[in-house]
2 protein chains.
Amino acid sequence: MQEPQVKRSTLRDVAELAGVSYQTVSRVINQHPNVARRTRERVLSAIRQLDYRPNQAAKALATGRSYILQLLMYDIRYSDPLPAMIYQAKKQGYTLLISELSPFAAPEEIRAALDDLTARMIDGLLIYTPTPFFSYTEMRDLCRGVPFVLVGAALGIKSPSVVFDQRHGCELAIQHLLDLGHCQIAEISGQPQHIDAQLRHETMVSILKAHGLTLGPSLEGDFEVPSGYATAQKLLDSGEPFTALFVANDRMALGALRAFHEHGIRVPEDVSVVGFDDMGEAAYFNPPLTTVRQDLQVLAQQSVEYLVSMIGNPSMPVQQRVLYPELIVRGSTAPLK
Amino acid sequence: MQEPQVKRSTLRDVAELAGVSYQTVSRVINQHPNVARRTRERVLSAIRQLDYRPNQAAKALATGRSYILQLLMYDIRYSDPLPAMIYQAKKQGYTLLISELSPFAAPEEIRAALDDLTARMIDGLLIYTPTPFFSYTEMRDLCRGVPFVLVGAALGIKSPSVVFDQRHGCELAIQHLLDLGHCQIAEISGQPQHIDAQLRHETMVSILKAHGLTLGPSLEGDFEVPSGYATAQKLLDSGEPFTALFVANDRMALGALRAFHEHGIRVPEDVSVVGFDDMGEAAYFNPPLTTVRQDLQVLAQQSVEYLVSMIGNPSMPVQQRVLYPELIVRGSTAPLK
DNA sequence: ATTAAGGATGTGACCATTCACAATTAACAC
DNA sequence: GTGTTAATTGTGAATGGTCACATCCTTAAT
């Protein structure tokens, strides 16, 4: 039984107990090959006996590496990739530190958040914000040489990044509706500051144009359930006819489904609805939601993996890893009657 | 324009530039009162000029405090209080480090996770697991004197903790159903290893007993949407009659609603459904879900606040802060016809 | 037997900060 | 002008590790 307040044992304590120098203990901990078998065993036994754990703060100070990755994101509530990121980071021997920014953070706020980085000797940065604030070179300067990866940023951006091809996902959704015979397609979009939202919107407009169609009634929501509900209601009130609705994310789609239900509009008989994201609950909506799936597991895994390899090799060339969404067809879409 | 790879400036660099000793710079940084006004200004200007940031690793090493709180939890996917915790921690000047455990982690795993604690000089621990693994004294020893708070643990546990009175919440739900005239109440419970699930189940049984009623068909789910769906289906297949259903969380309730819908069973006309948690989407289910709300914001806020005050005052007496859930009545419940 | 090579171990300095204490300076009263 | 006190500033050691280098001891080759 050890006392709770007992001073933690150090490298030196272990060395003394094992009858070797502190350097030898250090070698054992860091798996240095040149330690005699017998000595190593003696040291290991002393470590066990003293319940010794190397002090990371001291190690970070001496080596300049903390084995901490920092995640900068704008709204943790809906961070579905978060668990996968934590898991991946751990798997690679890192711990993830999470910092939140306000929804549409000012550059100043980002700058301030990046200060932690210097202070905590962060090894790498994952930046997961809806808006790209800085150019690559600006970002590079701000990060003071710490490697970073933009997660879910704009396609084509010239920074280390892992992104979904939003355009492709959007095409899948619209093409699906067109194939079903719909030509009056309404939209509930996300905030235009949100880069993904903007891309989804633009793609939609351009595809319809390419088919000689024009966009039906279109309103802007904020990605939350209530806004989907309110917006769908306004869409109905507007009186403009539509037979299909493209919603920029599943959460708003849920709100829209509710609004339709309350107005006696049947989905998919009267209106087909397509969402975006494929959140876990989407398959159990009423009706189950046809949506565009983004595999956030892969996003997280790729982001962390890329970042860690940048840390290992700082001169690695800048790349953008592109992931492709896929369409999941469920009960909320049907052929136009 | 500073070079990206430039060596970070230190206390000494600032001191030299300001023409004072490093100690004086340290005093300025830590807002020590006894520094001459002019000197302080000179130092501050040098700090700005060099873009100096104190090194947290060094500070942690010297002071033994890291200003990091560690959160140990079992499944990050459904951690709704997480954002609030991060926010609260930041507000109090701490950063939150998140470690995940497997769903029903072995004591060994917890022990291993606690090692980070020593290594990283963690200031305090938030433990958010569905099962209490250790007694207070065991926990105290494991934490090696680092203060900890159990979040959402069992009511009555003799450890620093912040909990919801599950029994009360459950009573609200059942009483509501009884008031509506239901006396054949079915249940979808959570895993019995999950302390909350068990409490909800036990309370339900005992309340019904007190009213001279017996529990209708009851099956166990795993808190996920699909299990709610599958379990509800089995409930129907069993043929045992029931007019109301109590589901141990909203997520499973969503699955159950879907199953009922597919079987042509109307909610609430044929069956009333009550959930638990009041997740954000619950108000938009079809029908909107009557449920027991747990204010996770308050849970998070209280937990962090309590932990931080324990850090400030280690001899603080052990307490349990109890929060009370409330019933939110929506469209999924109706009087028995 | 002698020597070179290399494995095993130890020593001193250093990482960026704080702490305890010492030393200097200024301020004020007598 | 001197002493006393308080405010301001500086010094050395410590925190718990790592790194570069030096030393010692084997071992095998000449």
Side-chain angles (χ1 to χ4, degrees), chain A residues 6-44 46-47 50-68 115-123 144, chain B residues 6-44 46-47 50-68 115-123 144:
Chain A
V6 83
K7 206 173 154 318
R8 312 196 214 288
S9 45
T10 77
L11 210 57
R12 257 116 180 149
D13 300 331
V14 175
E16 196 178 350
L17 181 61
V20 295
S21 78
Y22 52 83
Q23 181 58 264
T24 303
V25 179
S26 172
R27 287 198 186 92
V28 171
I29 291 166
N30 296 301
Q31 335 245 19
H32 193 95
N34 291 351
V35 178
R37 186 185 195 74
R38 275 187 50 80
T39 315
R40 163 171 287 120
E41 279 163 9
R42 204 143 32 93
V43 170
L44 286 174
I47 287 177
L50 295 176
D51 191 32
Y52 165 77
R53 320 283 162 164
N55 180 322
Q56 289 299 123
K59 188 168 182 159
L61 184 58
T63 61
R65 300 201 46 181
S66 63
Y67 287 91
I68 294 181
D115 285 351
D116 255 19
L117 186 158
T118 325
R120 288 236 147 84
M121 314 191 93
I122 302 290
D123 289 344
R144 304 182 180 80
Chain B
V6 83
K7 208 171 156 313
R8 313 196 213 287
S9 45
T10 77
L11 213 54
R12 257 123 178 143
D13 300 330
V14 175
E16 197 179 350
L17 181 61
V20 295
S21 78
Y22 51 85
Q23 182 59 265
T24 302
V25 178
S26 172
R27 286 197 186 92
V28 171
I29 292 165
N30 296 300
Q31 334 245 22
H32 193 94
N34 290 351
V35 178
R37 186 186 195 74
R38 274 187 50 81
T39 314
R40 162 171 288 122
E41 279 164 8
R42 204 141 33 92
V43 170
L44 286 174
I47 287 177
L50 294 175
D51 190 33
Y52 165 78
R53 320 284 162 164
N55 180 323
Q56 289 300 124
K59 187 169 182 158
L61 182 58
T63 60
R65 299 200 47 182
S66 62
Y67 287 91
I68 294 180
D115 284 350
D116 256 17
L117 186 158
T118 325
R120 288 237 146 84
M121 314 192 93
I122 302 289
D123 289 344
R144 304 183 180 81

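Chain naming here is simple, since letters A, B, ... match the order of the sequence lines and numbering starts at 1 in each.
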Quick one: what's the B/S/- string for nucleotides 18-28 of chain C, heavy-atom cutoff under 4.0 Å, read 5' to 3'? BBB--------

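- Residue A/His32 contributes atom NE2, which lies 9 Å from atom C1' of C/dG7 at whole-angstrom precision.
- Rounded to an integer number of Å, the gap from CE of B/Met121 to C1' of C/dT17 is 12 Å.
- Each end of the helix from C/dA1-D/dT30 to C/dC30-D/dG1 yields a helix axis from five base pairs, and these two axes differ in direction by 50° (to the nearest 10 degrees).
- Under the salt bridge (charged side-chain N to carboxylate O under 4.0 Å, His left out) criterion, A/Arg120 pairs with no residue at all, not counting sequence neighbours.
- Listed by chain and residue number, A/Ala46, A/Gln49, A/Leu50 satisfy the side-chain contact (heavy atoms from CB on, under 4.5 Å) test with A/Leu17 (two or more places apart in sequence, or in another chain).
- Counting non-hydrogen atoms under 4.0 angstrom, A/Arg53 reaches the backbone sugars and phosphates but no base.
- Residues that satisfy the side chain to side chain donor-acceptor pair (under 3.5 Å) test with B/Ser66, not counting sequence neighbours, are absent from this structure.
- A/Tyr52 is linked by a ring-ring contact (aromatic ring centres under 6.0 Å, His included) to nothing, counting only residues two or more places apart in sequence or in another chain.
- No donor-acceptor pair under 3.5 Å is formed between the side chain of B/Arg40 and the backbone N or O of B/Val28.
- Listed by first then second residue, pairs satisfying side-chain hydrogen bond (donor to acceptor under 3.5 Å, both in side chains) with a partner in residues 54-64 of chain A read A/Asn30-A/Lys59, not counting sequence neighbours.
- Atom CZ of A/Arg144 and atom CZ of B/Arg8 lie 8.0 Å apart (nearest 0.5 Å).
- For the side-chain contact (heavy atoms from CB on, under 4.5 Å) test, residues two or more places apart in sequence or in another chain that qualify with A/Tyr22 are A/Leu11, A/Arg12, A/Ala15.
- At a threshold of 4.0 angstrom between heavy atoms, the contacts of B/Asn55 are confined to the sugar-phosphate backbone, with no base atom among them.
- With sequence neighbours excluded, no residue forms a salt bridge (charged side-chain N to carboxylate O under 4.0 Å, His left out) with B/Asp13.
- Across all strands, B/Arg40 comes closer than 4.0 Å to no nucleic acid atom at all (heavy-atom distances).
- Applying the salt bridge (charged side-chain N to carboxylate O under 4.0 Å, His left out) rule to A/Arg27 yields no partners; only residues at least two apart in sequence or on another chain are considered.
- OP1 or OP2 of C/dG10 sits under 4.0 Å from a side-chain N or O of A/Ser21.
- Sparse packing is recorded around CD of B/Glu16, with 12 or fewer heavy atoms of other residues, nucleotides or ligands lying under 6.0 Å away.
- Once you apply a 4.0 Å limit to the heavy atoms of chain B, the touched nucleotides of DNA chain D run 5' to 3' over D/dT8 to D/dG16.
- Contact between the side-chain N/O atoms of A/Thr24 and the OP1/OP2 oxygens of C/dA8 is not found at any separation under 4.0 Å.
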